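The figures that follow rest on heavy atoms only: side chains count, while hydrogens, waters and symmetry mates do not. These numbers come from a predicted model, not from an experiment.
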Amino acid sequence: FQLGKQTLFPICSVTKAMTAELVLDLAADRKLSLDDPISAHLSWLPAFAGKATIRQLLTHTSGLANMDNAMGVDSDGMSKIYLTGDKGLQ
């Protein structure tokens, strides 16, 4: 096994807590509001998903179904969507 700049690691649900903490820090710094629609920050989301608020996503009350297939997650759970330095979201 060889590590590279684009090696993906299956860190699973650990990202949920890390993401929540970072979002709450941004809200505390008034850089976003928990009541913002997610589309205000992630314009690439499908229209039906963009109406959900950040608060709804953090509390699992957005009403959105599992987005894995729509967002490109393989059957093994590895996301095909990842950040690649200055190329942005791929």
Side-chain angles (χ1 to χ4, degrees):
F1 181 74
Q2 206 168 13
L3 295 178
K5 288 183 178 182
Q6 294 189 11
T7 301
L8 299 177
F9 294 92
I11 58 176
C12 306
S13 292
V14 173
T15 59
K16 293 174 187 174
M18 292 170 50
T19 300
E21 177 60 31
L22 293 171
V23 168
L24 292 174
D25 285 348
L26 290 170
D29 291 342
R30 298 179 186 248
K31 294 182 179 176
L32 59 75
S33 168
L34 295 180
D35 296 314
D36 287 347
I38 195 66
S39 60
H41 304 281
L42 301 174
S43 60
W44 52 267
L45 281 174
F48 69 89
K51 294 178 184 178
T53 66
I54 295 171
R55 182 184 310 276
Q56 289 173 322
L57 292 176
L58 290 175
T59 59
H60 302 276
T61 59
S62 67
L64 294 175
N66 188 331
M67 294 282 292
D68 286 353
N69 292 337
M71 300 310 294
V73 176
D74 290 356
S75 59
D76 67 357
M78 288 295 292
S79 177
K80 294 177 188 172
I81 300 172
Y82 54 93
L83 295 176
T84 57
D86 61 354
K87 292 183 183 177
L89 194 61
Q90 299 292 310

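- Take Thr53 and apply the side-chain hydrogen bond (donor to acceptor under 3.5 Å, both in side chains) test, not counting sequence neighbours, and it matches Gln56.
- Applying the salt bridge (Lys or Arg N to Asp or Glu O under 4.0 Å) test to every pair with at least one member in residues 14-24, sequence neighbours left out, gives no pairs at all.
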Identify each donor-acceptor pair in which a side-chain atom of residues 24-31 lies under 3.5 Å from a protein atom, sequence neighbours left out, and give them as a table.
none

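- For residues 38-48, the set of pairs meeting the salt bridge (Lys or Arg N to Asp or Glu O under 4.0 Å) definition, not counting sequence neighbours, is empty.
- For residues 2-13, no pair satisfies salt bridge (Lys or Arg N to Asp or Glu O under 4.0 Å), with sequence neighbours left out.
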In residues 34-41, what donor-acceptor pairs under 3.5 Å come from side-chain atoms, sequence neighbours left out?
{"from": "Asp35", "atom 1": "OD1", "to": "Arg55", "atom 2": "NE", "distance (Å)": "2.9"}
{"from": "Asp35", "atom 1": "OD1", "to": "Arg55", "atom 2": "NH2", "distance (Å)": "3.4"}
{"from": "Asp35", "atom 1": "OD2", "to": "Arg55", "atom 2": "NH2", "distance (Å)": "3.3"}
{"from": "Asp36", "atom 1": "OD2", "to": "Ser33", "atom 2": "N", "distance (Å)": "3.0"}
{"from": "Asp36", "atom 1": "OD2", "to": "His41", "atom 2": "NE2", "distance (Å)": "2.9"}
{"from": "Ser39", "atom 1": "OG", "to": "Gly50", "atom 2": "O", "distance (Å)": "3.2"}

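- Leu57 and Met18 end up in different hydrophobic clusters when Ile, Leu, Val, Met, Phe, Trp and Tyr side chains are linked at under 4.5 Å.
- Legend: salt bridge (Lys or Arg N to Asp or Glu O under 4.0 Å) pairs involving residues 38-50, not counting sequence neighbours: none detected.
- The hydrophobic cluster containing Val23 also contains Trp44, counting ILVMFWY residues as joined when their side-chain heavy atoms lie under 4.5 angstrom apart, directly or transitively.
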